[in-house]
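Written out below as structure tokens is the structure these notes cover.
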There are 2 protein chains.
Amino acid sequence: MTTPVLDLAFAALSDPTRREIVQRLAKGASRVTDLAEPFDMSFNAVSKHVKVLERAGLVRRTRAGREHRIALDPEPIRRIAGWASHYERFWSDRLDKLEAFLKTNKRRD
Amino acid sequence: MTTPVLDLAFAALSDPTRREIVQRLAKGASRVTDLAEPFDMSFNAVSKHVKVLERAGLVRRTRAGREHRIALDPEPIRRIAGWASHYERFWSDRLDKLEAFLKTNKRRD
DNA sequence: CATATATTCAACCTACAGGTTGAATATAGC
DNA sequence: GCTATATTCAACCTGTAGGTTGAATATATG
């Protein structure tokens with residue numbers, strides 16, 4: 001009944017359609033119609049998926065006339081990354097690679 | 001129908017009972033009975049949760065007589081962390097902190 | 001104003017999730 | 001061998017997830 005943040009975020013991201021929507025939104029905000037276009041399912045189904053993402057806080061909606069602009073909110077993904085990071089001591093073998101990745105990425109900024 | 005790794009892992013982790021099981025297993029492997037003990041639900045319910053975790057690859061089972069030893073397999077969590085890391089450019093404000101954290105952690109090794 | 005577009009709302013369907021209880025199975029210990 | 005323990009299996013129930021279709025709502029546009 002509490003349905004806290006992680007419950008909703010994990011559940012929302014367990015659907016491949018919704019992960020694909022999130023991925024596309026990472027490249028920029030989008031209307032619901034444009035999000036729905038590439039999928040082989042009804043517009044209404046995609047609209048529902050967007051609502052699930054919204055309820056989970058993964059996405060924010062701003063209305064502009066009849067169009068709804070859907071934008072990614074990265075906070076819940078951050079929370080998930082934070083949750084996963086508690087298991088880092090199980091993946092010490094990957095720490096070096098990650099650190100290296102972060103360093104080279106930093107240089108590029 | 002494909003039900004790939006991320007689908008199952010995210011779905012499994014969307015349940016707070018299962019996240020608690022994972023958390024406890026991070027401190028060491030456990031029998032199903034011991035996992036079930038603190039929960040306010042039937043043993044069978046917990047047994048089912050363990051099976052969901054197992055099917056998602058988050059947990060491995062080794063039989064020793066009548067007892068089943070359940071141990072964490074960190075690979076799917078790694079996959080989730082990897083998935084989440086693709087959204088790092090949305091959290092550049094946290095990159096410095098993470099990098100610092102990794103560096104100090106490295107020093108401690 | 002009339003119509004086309006963008007979107008949600010509502011009802012419905014089927015499948016699965018998470019819980020229960022009651023067996024069945026297999027091993028351990030007296 | 002008998003009984004207690006550890007566990008799954010199977011059947012069942014209720015609720016929700018993900019999809020559909022059809023209508024309602026609101027805003028653009030000729």
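The figures here come from the full heavy-atom set of this structure, side chains too, leaving out hydrogens, waters and symmetry mates. The structure displayed is predicted, hence computed values, not measured ones. Naming: A, B, ... by sequence-line order, numbering from 1 per chain.
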Between [options], which nucleotide has the shortest distance from any of its atoms to the side chain of [X]?
X	options	result
B:A45	D:dG18, C:dG19, C:dT8	C:dG19
B:R66	C:dT27, D:dG19, D:dT27	C:dT27
A:R61	D:dC9, C:dT8, C:dG19	C:dT8
B:K48	D:dT5, D:dG18, D:dA11	D:dA11
A:N44	C:dT8, C:dT7, D:dG18	C:dT8
B:S42	C:dG18, D:dT7, C:dT20	C:dT20

Show the nearest heavy-atom pair for residues A:P76 and A:L58, with the distance to one decimal.
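Shortest heavy-atom contact: CB-CD2, 3.8 Å.
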I want to check one thing: is the phosphate of C:dA6, taken as OP1 and OP2, less than 4.0 Å away from some side-chain N or O of A:H68?
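So the side-chain polar atoms of A:H68 never come under 4.0 Å of the phosphate oxygens OP1 or OP2 of C:dA6.
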Can you find a side chain N or O atom of B:S47 that sits less than 4.0 Å from OP1 or OP2 on D:dT8?
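It does, given that an N or O in the side chain of B:S47 lies less than 4.0 Å from OP1 or OP2 of D:dT8.
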Nearest-Å distance for atom pair [atom1]/[atom2], residues [X] and [N]:
X	N	atom1	atom2	result
B:F43	D:dT5	CZ	C1'	10 Å
A:E37	C:dA6	CD	C1'	15 Å
A:E54	C:dT7	CD	C1'	12 Å
B:L13	C:dG18	CG	P	12 Å
A:R31	C:dT5	CZ	C1'	9 Å
A:I70	C:dT7	CD1	P	8 Å
A:F10	D:dA17	CZ	P	17 Å

B:R24 side chain to B:D34 main-chain N or O, any donor-acceptor pair under 3.5 Å?
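At least one qualifying donor-acceptor pair exists.
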Using only atom types and a distance under 3.5 Å, with no angle test, would you say the side chain of B:R18 pairs donor to acceptor with the backbone of B:A12?
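Checking the backbone N and O of B:A12 against the side chain of B:R18, a donor-acceptor pair under 3.5 Å is found.
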Base, sugar-phosphate, or nothing for A:R69, non-hydrogen atoms under 4.0 angstrom?
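Since no nucleic acid heavy atom lies under 4.0 Å of A:R69, the category is nothing.
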Base, sugar-phosphate, or nothing: which does B:R63 touch, judged by heavy atoms less than 4.0 Å apart?
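No contact at all - B:R63 keeps every heavy atom at 4.0 Å or more from the nucleic acid.
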Residue of the set A:E54, A:R63, A:R61 for which side-chain hydrogen bond (donor to acceptor under 3.5 Å, both in side chains) holds with A:H68:
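Running side-chain hydrogen bond (donor to acceptor under 3.5 Å, both in side chains) over A:E54, A:R63, A:R61 with A:H68 returns exactly one hit, A:R61.
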A:A64 or A:A11, whichever maps to the more 5' nucleotide of DNA chain D
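Upstream on the strand: A:A11.
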Which label fits B:F10 and A:F10: parallel for a plane angle under 30°, tilted from 30 to 60°, or perpendicular past 60°?
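Geometry flag for A:F10 against B:F10: tilted rings.
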